[in-house]
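What follows is a single structure, written as structure tokens, with notes after it.
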Number of protein chains: 2
Amino acid sequence: MICNHYNFVKMDKIGAYLSKHEIKPSLQRLKIFEFLYNNKNHPTVDSIYTALSPAIPTLSKTTVYNTLKLFISKGIIRSIHIEDHEVRYDADTIPHGHFKCIGCGGLFDFPFDHHLQLQTNLAGFQITEEHFYLKGYCKLCGAN
Amino acid sequence: MICNHYNFVKMDKIGAYLSKHEIKPSLQRLKIFEFLYNNKNHPTVDSIYTALSPAIPTLSKTTVYNTLKLFISKGIIRSIHIEDHEVRYDADTIPHGHFKCIGCGGLFDFPFDHHLQLQTNLAGFQITEEHFYLKGYCKLCGAN
DNA sequence: TGTTCATTTGTAGTCATTACAAAATTACTT
DNA sequence: AAGTAATTTTGTAATGACTACAAATGAACA
């Protein structure tokens, strides 16, 4: 991992964090957010479901979908669309970029100043979301 | 449309352009590339298929998929993943950004200097692709 | 003309995601 | 504490984009 903005919320305050964003903190929601928070490799729906199933045996994949959609609508996570066949999720809402390694499939964060490129001719356009991602080979995969 | 890099290839030279990139210029391939070239709003598979069906009545959606995949592998178009439910295609291979309007659904191009943000700590990473897109409201939709 | 190879096409299948309604859980009221 | 309403979770069925595959078509060429 290259950068990390996750210090703004403590692990033991997830319930309060969800409540603050008008999300009733059920067990499933707490666990899903906690997992997203702890796994900064930006998991997919499937990996979230597989990881939490042992702890919550009754968990349904529909719940994972519903919960992630709820989190997105409340603005506490964002979805990452890089490959066409996989959607990943990120609990870090501070703008940053993503680097997808073609070799190992890993997804890395990196900081970038999102104001640098706003000297474009987008005058009159209201920007609500910014996404910047790169593809290529990471340090390890590139060395072959 | 905000920016336009399409001057590097003339309309009547699509066949030569495809050949130069090791693509045999069949009717379907010519028409699909021409459509992509002329429609700078970055159409989807469906809109390409719907638009070309009258001119090529036997056209199959599989052919559209196959052809786009071929074009991507030869590097003459790129795919755009902004929404999770729609993939768009772009015949402009010069790096530029995309702006997706939440209001009208329109997709706009804008230039951006992709070297500005490479002062990040990505040393040792080989970059092969860059994608930058914004979401928000365009000039017309924002004025309400 | 016949043969080989590349391209196109339609159908059937896969897989991620969603719709929907029942079941379970939580919140509220008296 | 019991009963009722509201919310959340769950499983199944349906949707829809995309792909695999093999037959059909068309082009290249001797």
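Below, chain A is the first sequence line, B the second, and so on; all start at residue 1. Scope of the values below: all heavy atoms of this structure, side chains included, with no hydrogens, waters or symmetry mates.
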Query raised in the report: How would you label the contact of K24(A) with the nucleic acid (heavy atoms, under 4.0 Å): base, sugar-phosphate, or nothing?
Result: sugar-phosphate

Query raised in the report: Under the 3.5 angstrom rule, does the side chain of H96(B) hit a backbone N or O of I94(B) as a donor-acceptor pair?
Result: yes

Query raised in the report: Mind checking whether F99(B) and F125(A) have ring centres under 6.0 Å apart?
Result: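 For F99(B) and F125(A), the ring centres are under 6.0 Å apart.
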
Query raised in the report: On DNA chain C, nearest-nucleotide positions of N66(A) versus K61(A): which is more 5'?
Result: K61(A)

Closest approach to the side chain of [X], judged atom by atom: which nucleotide of [options] is it?
| X | options | answer |
| --- | --- | --- |
| T62(A) | dT18(C), dC18(D), dT17(C) | dT18(C) |
| Y65(A) | dT11(C), dT7(C), dT17(C) | dT17(C) |
| Q28(A) | dT7(C), dT7(D), dT10(D) | dT10(D) |
| S26(B) | dT9(C), dT8(D), dT8(C) | dT8(C) |

Query raised in the report: For the pair made of CD1 in I56(B) and P in dT9(C), what is the distance, rounded to whole Å?
Result: 7 Å

Query raised in the report: Taking side chain as C-beta onward, heavy atoms only, is F132(A) less than 4.5 Å from F110(A)?
Result: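 When only atoms from C-beta onward are counted, F110(A) and F132(A) do touch, with a gap below 4.5 Å.
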
Query raised in the report: Side chains of T44(B) and S47(B): do they bring a donor and an acceptor to under 3.5 Å?
Result: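 The answer is yes; a qualifying pair exists.
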
Report task. Would you work out how much the helix from dT1(C)-dA30(D) to dT30(C)-dA1(D) bends between its ends, with each end axis defined by five base pairs, to 10 degrees? Result ->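 Between the axes fitted at each end of the helix from dT1(C)-dA30(D) to dT30(C)-dA1(D) lies an angle of 20°.
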
